[in-house]
Enquirer: 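This is the structure I have questions about; it appears just below.
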Amino acid sequence: AQGGFRQVPCPYQHSPATLRPALAMATLVGRVVRCNGLPHEHLFGKSDPYVIVKALDAEGNPAGESRTSHKKGSDCTWDGDEAVFNFADVNLDGALHVSVWDKDLGPDDLLGEAVLPICAIPFQETELTLSLGLNRKLTSLGKKTPNGTITIRVQVSNHHNWL
């Protein structure tokens, strides 16, 4: 299971509990728009962020994955098709997991992540800005700082319409 993901009841109108069982599967489409306020992981130079978007099933297991291209800096924008994701047959009980990574010569560094229940995503295209959590490193004052935000455009569409 994906770290930190747990199933919670969905209070939204298109929750699987309120749909016929045949409509509990959908298509999830969208794109990464931008990241702002990302932490600097390099001593010299700028971060090289990229985003991994995963569709998770109801148990938190990956059901699809998409990656963006690399950018430079703590505030970056992706244009056009370079950051599109499209997941068919996602379960409305699942979640969308976005993680922002810094490309390195060695292992890449996780800059931040967010999890959004699929049942919370509207049926019309919507732009959402999500917090990437708090930095795991403490400041000199012993406080955690924000990891920044990620903005995505996303929508869910039902594609199963049989009874």
Side-chain angles (χ1 to χ4, degrees), residues 1-39 47-102 110-135 145-163:
Q2 190 70 29
F5 177 75
R6 64 183 178 86
Q7 182 62 32
V8 294
C10 189
Y12 299 94
Q13 66 182 9
H14 60 282
S15 164
T18 63
L19 297 173
R20 290 184 215 142
L23 295 179
M25 300 299 284
T27 297
L28 178 65
V29 296
R31 74 178 187 88
V32 175
V33 177
R34 67 184 157 274
C35 289
N36 294 100
L38 298 175
S47 294
D48 306 310
Y50 66 96
V51 179
I52 299 176
V53 181
K54 292 181 182 178
L56 304 177
D57 66 16
E59 288 76 41
N61 300 310
E65 180 177 307
S66 182
R67 293 174 182 243
T68 67
S69 58
H70 298 98
K71 293 291 183 175
K72 288 273 189 200
S74 59
D75 298 309
C76 45
T77 301
W78 285 268
D79 299 311
D81 293 339
E82 66 181 335
V84 172
F85 53 90
N86 186 341
F87 303 115
D89 294 325
V90 295
N91 189 309
L92 290 175
D93 277 338
L96 184 68
H97 178 264
V98 292
S99 55
V100 181
W101 294 82
D102 179 31
L110 177 65
L111 297 178
E113 60 188 336
V115 177
L116 178 67
I118 291 173
C119 66
I121 300 170
F123 284 118
Q124 67 277 3
E125 185 178 56
T126 304
E127 188 167 293
L128 302 170
T129 300
L130 308 171
S131 169
L132 293 170
L134 295 175
N135 197 320
T145 57
N147 281 334
T149 61
I150 185 166
T151 301
I152 59 173
R153 292 193 66 78
V154 64
Q155 84 177 64
V156 170
S157 61
N158 281 333
H159 62 93
H160 298 296
N161 54 14
W162 57 84
L163 297 175

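Along the sequence shown, residues are numbered consecutively beginning with 1. Scope of the values below: all heavy atoms of this structure, side chains included, with no hydrogens, waters or symmetry mates.
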Enquirer: Donor-acceptor pairs under 3.5 Å, side chain of residues 78-87 to any protein atom, not counting sequence neighbours: which ones?
Expert:
from	atom 1	to	atom 2	distance (Å)
W78	NE1	S69	O	3.0
E82	OE1	S69	OG	3.0
E82	OE2	K71	NZ	3.2
E82	OE2	D79	N	2.8

Enquirer: Considering non-hydrogen atoms only, spot the tightest contact between I118 and L56 and give its length.
Expert: CD1-O, 4.4 Å

Enquirer: Using modelled atom types only, decide if a donor and an acceptor are shared between the side chain of T68 and the backbone of V51 within a distance under 3.5 Å.
Expert: yes

Enquirer: My understanding is that only residues two or more places apart in sequence, or in another chain, count here; which of them pass side chain to side chain donor-acceptor pair (under 3.5 Å) with S66?
Expert: none

Enquirer: If you compare all heavy atoms of V154 against all heavy atoms of I121, which two are closest, and at what distance to 0.1 Å?
Expert: CG1-CG2, 3.7 Å

Enquirer: Where do L38 and S47 land on the side-chain contact (heavy atoms from CB on, under 4.5 Å) test, with the steps shown first?
Expert: CA-CA 8 Å; L38 298 175; S47 294; 5.9 Å; no

Enquirer: Among residues at least two apart in sequence or on other chains, which ones pass side-chain contact (heavy atoms from CB on, under 4.5 Å) with N36?
Expert: R34, D75, T149

Enquirer: Between N91 and M25 (side chain of the first, backbone of the second, donor and acceptor by atom type, cut-off under 3.5 Å), is there such a pair?
Expert: no

Enquirer: By the salt bridge (charged side-chain N to carboxylate O under 4.0 Å, His left out) test, which pairs, at least two apart or in different chains, include something from residues 116-126?
Expert: E125-R153

Enquirer: Is there a donor-acceptor pair under 3.5 Å between the side chain of N147 and the backbone N or O of L111?
Expert: yes

Enquirer: Could you tell me which residues satisfy side chain to side chain donor-acceptor pair (under 3.5 Å) with T126, sequence neighbours excluded, listed by chain and number?
Expert: none

Enquirer: Excluding sequence neighbours, so at least two apart, what forms side chain to side chain donor-acceptor pair (under 3.5 Å) with S131?
Expert: none

Enquirer: Is D57 reaching over with its side chain to a backbone N or O of A63, donor-acceptor style, under 3.5 angstrom?
Expert: no

